[in-house]
There are 2 protein chains.
Amino acid sequence: MPQHSHDTQIDESQPQPLTKDPSCRRRSQRCHQAILSATIELLEEKGYSGVSVEAIAARAGVGKQTIYRWWTCKAGVIMEAYADYAAKSVPMPETGSVKEDLRQILHQLSTILTTTSTGAALAGLIAEAQANPEMADVFREKFVASRRAMTRTILERGIERGELRPDFNMDVAIDVTYGPVWYRLLIKHAPLDETFVEELVTMLMVWMQVQ
Amino acid sequence: MPQHSHDTQIDESQPQPLTKDPSCRRRSQRCHQAILSATIELLEEKGYSGVSVEAIAARAGVGKQTIYRWWTCKAGVIMEAYADYAAKSVPMPETGSVKEDLRQILHQLSTILTTTSTGAALAGLIAEAQANPEMADVFREKFVASRRAMTRTILERGIERGELRPDFNMDVAIDVTYGPVWYRLLIKHAPLDETFVEELVTMLMVWMQVQ
DNA sequence: CAGTAGACGAGACGTTTTGTCTCGTATATA
DNA sequence: TATATACGAGACAAAACGTCTCGTCTACTG
């Protein structure tokens, strides 16, 4: 039977995970859920920087050590708390039209970022990732990579169908799709609204589509 | 003669400034410069999160109170330390071609973000702004607004010359210009290089120019 | 040419948060 | 039923923030 990672210092070579052995059978499901729920509640009430591990523990009716037993830091808890949001909100659209697919993706993303606490959570996680390269790795993998991969698929399908030119830079296209969204989320100089999404999609299509 | 703001609590209605009365004649120019230099040194050595007020004070050979006398928080010091970089690096290009103007702007921005510690500094400041709305205001004003205004001028000139369509959304166009750059700076999934800038400018022009 | 206000270096201090450690208790597996 | 181990509670050290108070030095002011 494998020992738990908090007993022996393994995991030193790999990019250190932000959670520890979540498959252990003896883990209390009640605690696990209480911690994640308390995290989301606190983030909604006080914003990312208002969440502390002690506050989570108190709200969840849990000892602080119970949190540190299963996660390596606060960001790990918050990531897991919002991983569901992020995962569930990425259904691959397949309307037959690249423009409509992109519209759906960006509409859903901007909606979830502005109408739930997910926007504040992700902004805080990006902020934290600036000080913590391991966190940055996990963040990219968990919240960025899947959306980028999905968008890539959509665009490649568009090229195969002859809807899009085959010679634009795919990585840059994906950056142009998401970059402006994150930019408005983080800088907050203008709202992430429908007009914005519509203009963005239109612009992308003008660039990428067969003339 | 006006009292200093740290003696009486004025500045409560306005967005609280991150510096305090920098015009005072009795301020030691030696300290001022030593603090800003130490800040940049430390940020280059240890990154944004490795900079502490105590470390700045020690490196500058200065009392901690001397820092808090003139700035309200660490972020204020870092902003002032990099304000010069940001300001000096925005010469308005005027080549007569929108594409060339944009190319110059983005080339210069990406160069300064990747070859100096300015990139790490701004990423850290954006991170900090997520937890501090007043900081966010100052950041937008100091590091975002001037570039946006300049870009707006360039695009408006292009419209006047008949080089650009008059009917694209100006704000979104500026977001598409800078959003992908910040996105790569903060997420670090791909480099901020020449290819990227070139593709981005090309895409913008395809969208905005008269067909 | 003094006198004085105020900036300065040094560092103690209280606060907050992090992450570790150690109890005694409760619970699930064997 | 026995044992391992997760749990709640909370003490603890370390780090950083921001405030406060010394005694010193310097630059305006009369």
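Being a predicted model, the structure only gives us computed values, none of them experimental.
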Any A:Trp70 side-chain N or O less than 4.0 Å from OP1/OP2 of D:dC7: yes
Would you call A:Val138 and A:Glu134 a side-chain contact if the rule is heavy atoms closer than 4.5 Å? no
In this structure, how many angstroms lie between the P atom of D:dG8 and the NE2 atom of A:His32, rounded? 14 Å
Is B:Ile154 close to B:Val98 at the side-chain level, that is, under 4.5 Å between some pair of heavy atoms? yes
Using heavy atoms and a sub-4.0 Å distance, could you list which residues of residues 119-133 of chain B are near DNA chain D? By number, please. none
Pairs under 3.5 angstrom, nitrogen or oxygen only, protein versus nucleotides 26-30 of chain D, please.
| residue | atom | partner | partner atom | Å |
| --- | --- | --- | --- | --- |
| D:dT26 | O2 | B:Arg26 | NH2 | 3.3 |

Keeping to residues at least two apart or across chains, list the ring pair (Phe, Tyr, Trp, His ring centres under 6.0 Å) pairs with something in residues 121-148 of chain A. A:Phe139-A:Phe143
Under 4.0 Å between a side-chain N/O of A:Thr66 and OP1 or OP2 of D:dG8, yes or no? yes
Separation of C:dA26 C1' from A:Arg30 CZ (nearest whole Å): 10 Å
What is the separation between atom CD on B:Gln29 and atom P on C:dC8, rounded to the nearest whole Å? 10 Å
For atom NE2 of B:His189, is the number of surrounding heavy atoms from other residues, nucleotides or ligands below 6.0 Å larger than 12? yes
Please state how far atom CG in B:Leu18 lies from atom P in D:dG18, giving the value in whole angstrom units. 11 Å
Round to a whole Å and report the spacing from CZ of A:Arg27 to P of C:dA26. 22 Å
If you take all heavy atoms of A:Val176 and B:Met203, which pair is closest and at what distance? CG1-SD, 3.7 Å
Quick note, salt bridge (charged side-chain N to carboxylate O under 4.0 Å, His left out) partners involving residues 119-132 of chain B, not counting sequence neighbours, are none
Approximate separation, where rounding is to 0.5 Å, of B:Met79 CE and B:Leu18 CG: 5.5 Å
Does anything in residues 177-186 of chain A form a salt bridge (charged side-chain N to carboxylate O under 4.0 Å, His left out)? List the pairs, not counting sequence neighbours. A:Arg184-B:Asp175
A:Lys20 has an atom NZ; how far is it from atom P of D:dT5, in whole Å? 16 Å
When you measure from the centre of the six-membered ring of A:Trp70, is the NZ or CZ of A:Arg26 closer than 6.0 Å and no more than 45° off the axis? no
Table of protein N/O atoms under 3.5 Å from nucleotides 9-15 of chain D N/O atoms:
none

Closest approach to the side chain of A:Tyr68, judged atom by atom: which nucleotide of C:dC8, D:dA16, C:dT18 is it? C:dT18
Derivation of the side chain to side chain donor-acceptor pair (under 3.5 Å) call for A:Thr95 and A:Ser97: CA-CA 5 Å; A:Thr95 63; A:Ser97 147; 4.6 Å; no
Audit row: B:Ser117, B:Tyr48, side chain to side chain donor-acceptor pair (under 3.5 Å) steps and yes/no: CA-CA 9 Å; B:Ser117 58; B:Tyr48 188 95; over 6 Å; no
To the nearest angstrom, the NZ-P distance between A:Lys74 and C:dT20 comes to 15 Å
Rounded to the nearest Å, what distance is computed from the CD1 atom of residue A:Ile67 to the C1' atom of nucleotide C:dT17? 13 Å
